[in-house]
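None of these values were measured; they are calculated from a predicted model.
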Protein chains: 2
Amino acid sequence: MTTTAPETTTRMRSEERRALVLEAATRVFGERGYHGATTDAVARAAGVSQPYVVRMFGTKEAMFLAVLDRAVERMMDAFRAAVAESADAPEGIGRCIATNYVELLSDRGLLLSLMQAFMLGADPVIGPEARACMRKVYVFLREEAGMAPDEAHEFLATGMMLNTLVGLRMADDYEREPAVRELLDEVFPTKLEFLLSLRDRES
Amino acid sequence: MTTTAPETTTRMRSEERRALVLEAATRVFGERGYHGATTDAVARAAGVSQPYVVRMFGTKEAMFLAVLDRAVERMMDAFRAAVAESADAPEGIGRCIATNYVELLSDRGLLLSLMQAFMLGADPVIGPEARACMRKVYVFLREEAGMAPDEAHEFLATGMMLNTLVGLRMADDYEREPAVRELLDEVFPTKLEFLLSLRDRES
DNA sequence: GTCTATAAGACGATAGAC
DNA sequence: GTCTATCGTCTTATAGAC
């Protein structure tokens with residue numbers, strides 16, 4: 001309403017910077033976990049100063065919750081897109097969502113940050129928030145994606161396994177270990193090439 | 001060889017204490033993760049002093065690796081017992097292992113410590129060790145349990161999901177959230193009572 | 001809005017008594 | 001073998017300049 005042109009520009013740039021830091025935080029949290037990640041590492045990854053990222057979110061904990069919120073929001077967006085696509089797709093809705101799910105790995109750390117949160121159920125602040133994320137996903141699968149309980153269960157189990165294998169960096173052993181090759185060939189039947197390509201990117 | 005009676009007694013008590021600390025460490029690492037756990041918390045859980053637990057393992061990292069080793073060893077023991085049992089069991093070997101798997105939850109933190117390690121694939125020391133654990137389990141399922149690749153895959157996926165739901169403390173919402181109730185009823189069809197009973201134990 | 005400097009606290013590890 | 005005391009470091013968060 002009273003928004004002037006310069007003010008809008010500033011706001012936009014500010015939000016862009018925030019998005020940049022949030023993305024860097026997603027990567028760092030995904031890689032090292034909540035406690036292992038430092039605000040300094042996030043700052044360096046985003047190319048800003050450490051006190052600045054703290055200022056931006058107030059506390060490290062609030063920053064993690066923001067990362068979590070963004071992650072689950074993006075995930076739901078991808079799922080919703082998959083449901084829309086699957087209307088005129090020959091393969092089932094499950095496969096359709098699964099394909100989009102694996103592609104979420106492009107957003108480095110997104111699925112891993114979620115997974116890291118899932119391991120902190122005992123935390124008094126992060127725990128409830130993480131449980132809410134899981135509920136959100138399950139309710140989506142049941143109500144919007146129209147899965148039966150056992151379908152949703154199987155879908156979630158596969159997702160957790162994918163996340164775990166990515167967190168483990170199991171692809172690092174793909175060439176060296178025949179058993180690993182067999183496992184990954186089984187788990188990522190179509191998207192293996194994509195997965196292996198992710199290894200080569202920076203730390 | 002030169003072992004005297006008193007020395008043996010001392011050794012035994014010493015190993016018992018070590019086992020006690022290892023068990024406490026398993027609980028603490030499982031709950032807070034590698035970085036979130038402090039040597040002080042482990043010490044308090046074991047009822048000894050903080051410098052003592054550091055002395056015992058040299059470093060926090062070495063202590064975590066010892067926890068990891070014990071965890072995977074206990075898991076394989078449980079699996080081997082299940083395979084032996086399944087010889088004259090009507091249900092498949094998968095169900096038999098799965099039953100023993102859920103009962104591993106009694107050893108508080110054992111499965112969660114493993115899962116925490118799986119999220120640290122990027123760590124230069126813990127990462128390779130964690131991948132070795134996963135390989136060990138997969139090779140066991142394929143070669144000793146006689147599972148086909150897709151059976152082993154499904155078994156692992158279910159296991160990762162169980163671990164995740166336990167790490168999330170999803171059972172805390174069982175009564176309050178109908179969706180959670182539905183999910184847990186689906187995932188833990190026979191062992192739900194057992195799972196819910198675990199909630200009530202101390203922190 | 002973003003930085004430098006730094007305070008305050010937590011943590012892993014060591015020294016040394018018993 | 002186990003403790004108390006403590007050092008040095010790392011880390012979050014604040015103060016304040018620009």
message: I need the full list of side chain to side chain donor-acceptor pair (under 3.5 Å) pairs touching residues 64-79 of chain A, with sequence neighbours left out, sorted by first then second residue.
response: A:Thr26-A:Arg70, A:Arg70-A:Asp107, A:Arg74-A:Asp107
- line: In whole angstroms, the gap separating C1' of C:dC11 from OH of B:Tyr34 amounts to 12 Å
query: In residues 38-50 of chain A, which residues come under 4.0 Å of DNA chain C by heavy atom?
result: A:Val48, A:Ser49
field: For B:Arg17, all residues meeting salt bridge (charged side-chain N to carboxylate O under 4.0 Å, His left out), sequence neighbours excluded
entry: none
- request: Applying side chain to side chain donor-acceptor pair (under 3.5 Å), name anything that partners A:Thr39, two or more places apart in sequence or on another chain.
  value: A:Gln50
query: Which pairs pass side chain to side chain donor-acceptor pair (under 3.5 Å) with one or both residues in residues 126-139 of chain B, sequence neighbours excluded?
result: A:Asp173-B:Arg135, A:Glu182-B:Tyr138
query: Who pairs with B:Glu175 by side chain to side chain donor-acceptor pair (under 3.5 Å), at least two apart in sequence or on another chain?
result: B:Arg199
message: So if I take every side-chain heavy atom of A:Lys60 and compare against C:dG12, C:dG1, D:dA13, which nucleotide ends up nearest?
response: D:dA13
Set of side chain to side chain donor-acceptor pair (under 3.5 Å) partners for B:Arg181, sequence neighbours left out: none
Strictly under 3.5 Å: I want the nitrogen or oxygen pairs between protein and nucleotides 15-17 of chain C, one per line.
none

Atom pair distance, as rounded to whole Å: NE2 in A:His35 and P in C:dG12: 12 Å
- prompt: Can you pull the side chain to side chain donor-acceptor pair (under 3.5 Å) pairs that have at least one residue in residues 40-49 of chain B, sequence neighbours excluded?
  reply: B:Asp40-B:Arg44
